[in-house]
There are 2 protein chains.
Amino acid sequence: MDRKVATIQDVARAAGVSTATVSRTLSKPAVVARTTRDAVLEAVAQTGYRVNATASNLRRQRTGSVIVLLPNLANSFFAQILSGLASVLTPAGYGMLIADTQSGPDPDQRLAHYLSSGQADGIVVLDGALSPAALSVPGRPPVVCACEWMGDAVPSVRVENERGAALAVGHLARLGHRHIGHVTGPGDNVLTQTRLHGFRAALDRLGLPMRADWVLEGDFTMDSGAAAARAWLAMQDRPTGLFLSSDEMAVGFMGEVQRAGLQVPLDVSIVGFDNIEIAQHLSPGLTTIRQPRTDIGARAAELLLGMIETGANDVPSEIIEVEFIPRSSAGAPPKVR
Amino acid sequence: MDRKVATIQDVARAAGVSTATVSRTLSKPAVVARTTRDAVLEAVAQTGYRVNATASNLRRQRTGSVIVLLPNLANSFFAQILSGLASVLTPAGYGMLIADTQSGPDPDQRLAHYLSSGQADGIVVLDGALSPAALSVPGRPPVVCACEWMGDAVPSVRVENERGAALAVGHLARLGHRHIGHVTGPGDNVLTQTRLHGFRAALDRLGLPMRADWVLEGDFTMDSGAAAARAWLAMQDRPTGLFLSSDEMAVGFMGEVQRAGLQVPLDVSIVGFDNIEIAQHLSPGLTTIRQPRTDIGARAAELLLGMIETGANDVPSEIIEVEFIPRSSAGAPPKVR
DNA sequence: ATGAAAGCGCTAACAA
DNA sequence: TTGTTAGCGCTTTCAT
């Protein structure tokens, strides 16, 4: 019962036709005669034949898979984008190869490696810290990035980061906050820069002070949010409201503040960014800016598939809308200062 | 500058040797003469040659990739296991193909599909709800499951689930709880069953009552944890301590209880399972059972690689230890009942 | 130590 | 509508 896997030859023999006909039956059924088709299908069923993807790919000069480059697989943020990517790649017959840029030595080199390895028909870049310079590889496959990136070297799916920051600041201001701080992501990340820019611009527009010592650097993790909270607690003159560049940091910040015996939003108002699943399950619920990560992944995949199929290399980039999600972690500022 | 990608032929020509020699130089350098080797390497560098993995795989009758089947990519639980898998698969030269069992119609059918598709040299199953019966496919590749599974149809990497449950219950009992409840995962999941069994056994051992109405069914998600909390709040006669089968549920439970105005652990003690990142950032910190998910992934990958390389099909399964992580979400039971 | 040659399993011209 | 045929790029006997 453990006999060799059937090849197209076996099917052809069983159906009494040529291998070409078998191949056609399977790829463009419309072009073969009804009777032949039935015979072939029957033979396929009998032999348990499955096309050998490797052989097919070799012949068709493609690989049937897409590489996804991301900085940190363990981060749930990327998991959701992956989910979106998979939802369009899988039905389209593409495999999704995951590569962690942080696991090797030089991330940029990894990118270069994959670009020239010919191992994929396309690449999705999710690492905002990679250098666009690494892209200049001769016969490289199409690349889409699902993250902010310097310049327009590559079509991308981005999010309204500046507007998100503005929504966050606007909400705090509307609640009466006039001392608003910010916790950023890592300095070299483009998301960090865009949101910080949005934050500054919003304060400016509202005529609120932008104090350098109220801008703390984090790295998007919960730990860095907790660290920011400790820094905030140690301040003489604290901002009453904070916009944090990621929900994870907001979670870390809020937990630390609460463990220090203060209350949110009584003592400090918090607005995050992402709307991760836990945001609504915290107490108080985390006010945040939603970015639809599954959609981001799905759109990126669609863009890439389009590029792969048409060969076009300059698809227009896309901007995905963000949405303000009011919950309870932001309220009026404390009366006494 | 955009000329075709170099093939092994081009290299052979440039180095003045046969393609066989080029191939040998690249795979078993020891077997070619020093001078030839240098010439070949030089030619490789000049042409920018990279072996075509598809052709190589076709010839060698392998695929160079491993399929990972999981129920839900968006769940951070799996993301960490993936991270562990990638950390050994990538260096070993295997690609990691991700497949979401939930996205299609019948998950079991998906498994069967991949088993017979010949698209991978091995498969890692992370979905505890798949039926082992689906495994009986003639020439299927090696399979490892990194999750509890019925029987020993397949080598697996598991976690001391029963002991974890016992640790949780033991901790609550030691704190003085005599009314202990449990929130399970989905009924058809093997993790659910094992932990529930461990829960029951522990109560038994301690001579504590096991009340059926104190066992609530969840599905591992935060939402289901919140739902369990509402059910708990509505009870006449509530357990004072709860063991929840996942941290995500514990998070949902705790948030809901807090939003209802009760305090943890003053009004109810909570112990989770997993030690997800957020556990330490909550307020109070979540007491839980740690399972090292990255290790689980890494060990599963090692097991699978061993099977692929040796052809062995009955590697011994492995059990990964769990660890009790005390934090503040469990305390003494309320005085008044 | 090296080369010649035979495919791996499939698809796509081109013919018929 | 179907069959014949020529590879896709590589690895691996088998000779030399």
Side-chain angles (χ1 to χ4, degrees), chain A residues 3-44 47-65 93 116-121 139 141, chain B residues 3-44 47-65 93 116-121 139 141:
Chain A
R3 66 198 186 292
K4 280 242 148 309
V5 161
T7 75
I8 200 172
Q9 302 266 14
D10 302 325
V11 180
R13 208 169 305 129
V17 299
S18 74
T19 61
T21 300
V22 176
S23 179
R24 279 188 211 107
T25 310
L26 266 21
S27 53
K28 335 185 227 319
V31 92
V32 307
R34 242 198 109 86
T35 48
T36 337
R37 188 168 53 207
D38 291 345
V40 170
L41 262 22
E42 160 96 29
V44 165
T47 55
Y49 171 72
R50 318 277 325 236
V51 321
N52 177 321
T54 310
S56 168
N57 288 335
L58 174 59
R59 177 60 232 246
R60 295 163 59 196
Q61 296 285 75
R62 53 160 248 162
T63 71
S65 53
S116 60
S117 71
Q119 281 196 72
D121 299 328
Chain B
R3 67 198 185 294
K4 280 241 148 310
V5 163
T7 74
I8 201 171
Q9 302 266 12
D10 302 324
V11 179
R13 208 170 303 128
V17 299
S18 74
T19 60
T21 300
V22 176
S23 179
R24 281 189 209 106
T25 309
L26 266 21
S27 52
K28 335 187 229 318
V31 90
V32 306
R34 243 199 109 87
T35 48
T36 338
R37 188 170 51 208
D38 291 347
V40 170
L41 261 23
E42 160 97 32
V44 166
T47 54
Y49 171 72
R50 318 276 324 240
V51 320
N52 177 318
T54 309
S56 169
N57 288 336
L58 173 58
R59 179 56 233 245
R60 294 164 60 198
Q61 297 286 76
R62 51 161 251 159
T63 70
S65 52
S116 59
S117 71
Q119 281 194 75
D121 299 329

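Chain naming here is simple, since letters A, B, ... match the order of the sequence lines and numbering starts at 1 in each.
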### Query
Looking only at side-chain N and O atoms, does T21(B) come under 4.0 Å of OP1 or OP2 in dG3(C)?
yes
### Task
Might you work through the side-chain hydrogen bond (donor to acceptor under 3.5 Å, both in side chains) test for T25(B) and R37(B), ending with a clear yes or no?
CA-CA 6 Å; T25(B) 309; R37(B) 188 170 51 208; over 6 Å; no
### Query
Of all the nucleotides listed (dT2(C), dG9(C), dG3(C)), which has the minimum atom distance to the side chain of A20(B)?
dG3(C)
### Nearest-neighbour nucleotide for the A33(A) side chain, dT2(C), dC10(D), dT2(D) considered
dT2(D)
## Note on the structure
In whole angstroms, the gap separating P of dA13(C) from NZ of K28(A) amounts to 9 Å
### Message
By nearest atom, which of the nucleotides dG9(C), dT2(C), dT4(D) is closest to the T36(B) side chain?
### Response
dT2(C)
### Query
With no hydrogens and no angle check, is any side-chain donor or acceptor of S27(B) less than 3.5 Å from a backbone partner on S23(B)?
yes
### Residue I8(A), side-chain atoms from C-beta onward, closest of dT12(D), dT11(C), dG9(D)
dT11(C)
#### Entry: Nearest to side-chain heavy atoms of T7(A), which nucleotide of dG9(D), dG9(C), dT2(D)
dG9(C)
### Query
Can you find a donor-acceptor pair, distance only, under 3.5 Å between R24(A) side chain and dG3(D) base?
yes
#### Entry: Contact under 4.0 Å: Q9(A) side-chain N or O vs dC8(C) OP1/OP2
no
### Query
Under 4.0 Å: is that the gap between some side-chain N or O of S56(B) and OP1 or OP2 of dC10(D)?
no
## Note on the structure
Tested for side-chain contact (heavy atoms from CB on, under 4.5 Å) against Y49(A), the lone hit among D10(A), I8(A), V40(A) is I8(A)
### Query
So does T19(B) get a side-chain nitrogen or oxygen closer than 4.0 Å to the phosphate oxygens (OP1/OP2) of dC10(D)?
no
### Query
Can any side-chain N or O of D38(A) pair as donor or acceptor with the backbone N or O of T35(A) at less than 3.5 Å?
no
### Query
dG9(D) base to R59(A) side chain: any donor-acceptor pair below 3.5 Å?
no
